[in-house]
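What follows is one structure encoded as structure tokens, with my remarks underneath.
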Amino acid sequence: MTVHTSFFENVTRYVDQAAALTKYPKGLLDQIKHCNSIYSFEFPVRGREGEIEVIKAWRVEHSHHKLPTKGGIRYAPEVNEDEVKALAALMTYKCAIVDVPFGGAKGAIQIDPSKYTLDQLERITRRYTHELAKKNFIGPGVDVPAPDYGTGEREMAWIADTYMALNPGQLDALGCVTGKPLSQGGVQGRREATGRGVFYALREACASLGDMKKLRLQPGIAGKRIIVQGLGNVGYHAAKFCREEGQAIIVAIAEREGAIVNPSGLNENDVFSFRKETGSILNFPGASSLADSKAALELDCDVLIPAALENQITSENAGRIKAKIIVEGANGPTTPEAEEILRENGVLIVPDIYANAGGVTVSYFEWLKNLSHVRIGRMGKRYEQAAELRMMRMIEVLTGNKFTEDQLATAAKGPDELDFVNSGLEDTMVTSYQRLREIWKTNQRIPDLRTAAFYDAIEKIAKAYLELGIFP
Ligand code: NAD
């Protein structure tokens, strides 16, 4: 039996469960839960033959307790208002958990991007941006979009250019959107940030001896058998870092057209190139192919990383999931009913509102870079390099030994933008995990990490509202 519940209602259920453990009045909790502004609109574009097509789109700002609001833009044929509201709400809680000072938002255009030419996609994106600007739903201090499912750097550059054309001379205009190409005010490391964050999340989860013992797993990522669903931005990079930096084994990859399996390990890079060449991951050399993509979620593994879309693990398939750890790269991949089954089966779920927060964390760094108008680390790199070199020379004097040129170059490098971004991202993911685990383990009424994450977010948002007061 398939249970059709609203995605926004699912998020609300999670919020209610955590809110019941706090001491805040109902009215305040209602204000936290509801979407503050919902802009639903339609606009025309010209098709290939010059015909007019009406396009449906949304921007939802879930919470104005901190501004600007922040959240990606999704291009998908099935997207609807309920989904955008849910995704906007998740952004509010996510930002609170990783201490990024934004309210949550999300946008969507109801199209299948593969059905449009590049020129049409550009016109759709620019018109969408213009509609947002008309209603004050975009701006560096108002609402700052980013990439999501179906969009990337290309769309973000069009959005930035349109906004700048509409706001000539606005000094901070580049901060109106994040996830831009590097040459257009983007920041190093943003493209891979969500996947890198998923890797740090899994690494932290696997670092706890007690939690791993309970799951009958060895501590550490090395050797863990991982299944990834979705080889897009999040799934590809999560697989890459888990394999390259964590020495995990990617035993299966599931995509729209089916799944491929190789217990000895898949290289996501080769699979990506193969799919680009042939249009499918199926028949990838050395792997067996599964026509039923979703069946791959139920294969034997240690870790499952759903990184495609919401509602993938439901009450229908949850009981057959063999993974002991699920790290939610996608937003909302597990329904509340599935969560109950998985919890009873002892599965550790690292929830979306923490696990995929790496993207918004590095978007925050990009926004800061745009507002400060200088590349991160530009002022200090050479100074720090010189200081490191002085320290190395001092060691040579004290020990009477000489470093080789290679050793000096490696040790006295001076940090560049990517070093700072990754350091900030790693610190954010590590400290946030430790705080959530502490909340989970020290409060008997909190059954899992997801409830701990919502609890943490509600505490922070409620505090902000109480300090600010209610206008007027
Ligand atoms: P993307 O468009 O880059 O990739 C999604 C991939 O999933 C595509 O390769 C697509 O073919 C595949 N896919 C679609 N349906 C599938 C199915 N039924 N089974 C298997 N694969 C399927 O999107 P993305 O940016 O990687 O986003 C993926 C998820 O991560 C979404 O839930 C998104 O909201 C979430 N997320 C993304 C970011 C980000 O920075 N991009 C940040 C946080 C959360």
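Order of listing sets the numbers, starting from 1, for every ligand and every atom in it.
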If you have a sec, work out which protein heavy atom is nearest [atom] and how many Å separate them, to one decimal?
atom	value
atom 39 (C) of ligand 1	Thr194 OG1, 3.5 Å
atom 32 (O) of ligand 1	Asn331 N, 3.1 Å
atom 2 (O) of ligand 1	Gly150 N, 3.0 Å
atom 9 (O) of ligand 1	Glu255 OE2, 2.5 Å
atom 43 (C) of ligand 1	Asn356 O, 3.5 Å
atom 24 (P) of ligand 1	Val234 CG2, 3.9 Å
atom 3 (O) of ligand 1	Asn233 N, 2.9 Å
atom 34 (O) of ligand 1	Asp148 OD1, 2.7 Å

Check: Heavy-atom distance to atom 23 (O) of ligand 1: which of Tyr149, Phe272, Tyr75, Tyr236 wins?
Finding: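 When every heavy atom of Tyr149, Phe272, Tyr75, Tyr236 is considered, Tyr149 comes closest to atom 23 (O) of ligand 1.
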Check: Heavy-atom distance to atom 28 (C) of ligand 1: which of Ala308, Gly195, Pro147, Ala146 wins?
Finding: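 Nearest heavy atom to atom 28 (C) of ligand 1 lies in Ala308.
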Next item on the list: Evaluate side-chain hydrogen bond (donor to acceptor under 3.5 Å, both in side chains) for Asp112 paired with Ser114, printing each intermediate quantity in order.
Entry: CA-CA 5 Å; Asp112 177 351; Ser114 67; 2.7 Å; yes
With a 6.0 Å cut-off on ring centres, are [X] and [Y] close enough?
X	Y	result
Tyr455	Trp440	no
Tyr354	Tyr433	yes
Phe41	Tyr39	yes

Next item on the list: Kindly determine whether Asn356 and Glu328 satisfy side chain to side chain contact (heavy atoms under 4.5 Å, CB included), including the steps that lead there.
Entry: CA-CA 7 Å; Asn356 67 32; Glu328 296 182 332; 5.8 Å; no
Contact partition for [X] relative to ligand 1, non-hydrogen atoms under 4.0 Å:
X	answer
Gln229	side chain
Asp352	neither
Arg74	side chain
Ala193	neither

Item checked: Lys369 with Glu417: basic N within carboxylate O range, under 4.0 Å ->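 Glu417 and Lys369: salt-bridged.
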Check: Only one of Thr12, Thr92, Asp16 clears side chain to side chain donor-acceptor pair (under 3.5 Å) with Lys33; which?
Finding: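 With Lys33 as partner, side chain to side chain donor-acceptor pair (under 3.5 Å) holds for just one option, Asp16.
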Note to self: As an exercise, identify every atom of ligand 1 less than 4.0 angstrom from a heavy atom of Ala307.
What the structure shows: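 Per the distance check, 28 (C).
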Check: Considering only heavy atoms of Gly230, which atoms of ligand 1 have at least one such atom less than 4.0 Å away?
Finding: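 Listed by number with element: 7 (O), 21 (N).
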Check: Using a distance-only test with no angle check, is there a side-chain donor-acceptor pair under 3.5 angstrom linking Ser293 and Glu255?
Finding: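 No, Glu255 and Ser293 have no side-chain donor paired with an acceptor closer than 3.5 Å.
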Notebook entry, point to check: Does at least one non-hydrogen atom of Arg190 fall below 4.0 angstrom from an atom of ligand 1?
Noted result: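 Contact present.
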Check: Hey, is Lys294 one of the residues with a heavy atom under 4.0 angstrom from ligand 1?
Finding: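 The answer is no, since Lys294 has no heavy atom less than 4.0 Å from ligand 1.
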Notebook entry, point to check: Do ligand 1 and Gln312 have nitrogen or oxygen atoms that lie under 3.5 Å from each other?
Noted result: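 In this structure, Gln312 places no N or O atom under 3.5 Å from an N or O of ligand 1.
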